[in-house]
Amino acid sequence: MESIFHERQEGSLCAQHCLNNLLQGEYFSPVELSSIAQQLDEEERMRMAEGGVSSEEYRTFLQQPSVNMDDSGFFSIQVISNALKVWGLELVLFNSPEYQRLGIDPINEKSFICNYKEHWFTVRKLGKQWFNLNSLLMGPELISDTYLALFLAQLQQEGYSIFVVKGDLPDCEADQLLQMIRVQQIQRPKLIGEETAQSRDQDQAIDVNHPFDGTGMLDEDEENFQKALALSRQEMDMEDEEADLRRAIQLSMQGSRRSESSGSSPQNVPQTPVRHLSSEELRRRRQAYFE
């Protein structure tokens with residue numbers, strides 16, 4: 001969708017892209033972010049100098065490269081945080097136990113900044129819908145409300161740090177437009193480099209002519225949803241699984257007995273006592289019953 005601002009990855013300037021995609025405009029350049037980083041470096045140098053400019057710690061500090069930026073275009077969380085303070089915005093660590101104890105539904109937030117190693121990207125609500133504005137994607141990726149919490153949980157499992165953006169974001173055209181309509185994504189955007197010649201003309205694949213009613217998810221979205229659910233089940237004890245299966249079979253047998261008493265002819269009713277069935281047999285019989 002053309003009204004959604006989305007900077008694609010250039011070099012290692014993901015921090016710049018992350019901020020501009022969050023604020024929905026060309027608000028920051030590498031020069032401006034470098035200036036913030038240099039200011040932070042100078043403040044840190046002055047603090048180190050308080051211990052004495054002839055100290056070993058101070059001399060070691062001067063020999064070390066900046067932790068706030070490097071030649072590739074990477075900028076630290078301190079740079080991003082200070083850049084957002086210009087707009088009255090602050091970052092709260094979503095992963096922290098303190099924030100998790102608040103029990104806030106992610107849907108009720110407005111935006112998130114995600115980081116893994118040296119890559120930053122934004123997840124933001126525009127209008128009434130969520131979008132993954134990762135600069136490594138060819139375009140904005142629509143995220144359903146149902147999938148948002150699972151998407152963030154998956155990022156946490158992969159080692160991402162997630163920050164909640166607090167404060168009022170600047171007004172933007174996309175937010176105003178999407179307050180009035182809901183959109184449906186026809187095709188999930190590919191990662192940069194994966195785009196084929198055939199699909200280059202459809203790199204954003206968001207269609208405002210098909211109102212999104214919230215009843216369906218993309219095939220990829222559904223697949224990721226199922227993967228996330230599978231991950232959450234990995235710690236389930238096998239005995240608990242077998243117990244659930246036995247209860248399902250018992251319920252189905254009870255329903256079949258009621259059908260017998262009413263004169264109907266039950267089919268696929270297990271005759272072997274449930275407690276003697278193996279886990280695999282239980283699966284087969286349950287499948288046969290529901291078919």
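Nothing fancy with the numbering, it's 1 onward along the sequence.
Side-chain atoms of T122 and N21 include no donor-acceptor pair closer than 3.5 Å. Between the side chains of S66 and D41, at least one donor N or O lies within less than 3.5 Å of an accepting N or O.
Taking a 6.0 Å sphere around CD of E173, one finds it holds 12 or fewer heavy atoms contributed by other residues, nucleotides or ligands. Atom CD of Q100 has more than 12 heavy atoms from other residues, nucleotides or ligands within 6.0 Å. Residue E26 qualifies as open at atom CD: its count of foreign heavy atoms under 6.0 Å is 12 or below. By the 6.0 Å contact criterion, NZ on K128 is open, its count of non-hydrogen atoms from other residues, nucleotides or ligands being 12 or less.
One finds the CG atom of L93 at 9.0 Å from the CD1 atom of I162 (value rounded to the nearest 0.5 Å).
Q16 is not listed as a side-chain neighbour of E32, based on a closest heavy-atom distance of 4.5 Å or more. L178 places a side-chain heavy atom less than 4.5 Å from the side chain of F131. Side-chain contact between P65 and D70 is absent, with no heavy-atom pair separated by less than 4.5 Å.
Between Y27 and W87, the ring planes are perpendicular. Angles over 60° get that label, and only those under 30° would be called parallel.
Qualifying side-chain contact (heavy atoms from CB on, under 4.5 Å) partners for A49, counting only residues two or more places apart in sequence or in other chains: V53, Y58. Every salt bridge (Lys or Arg N to Asp or Glu O under 4.0 Å) that E56 has, sequence neighbours left out, goes to R59.
Of the charged side-chain nitrogens involved, none lies within less than 4.0 Å of a carboxylate oxygen, so that E109 and K125 do not count as a salt-bridged pair.
Side-chain rings of F163 and F112 stay apart, their centers remaining 6.0 Å or farther from each other.
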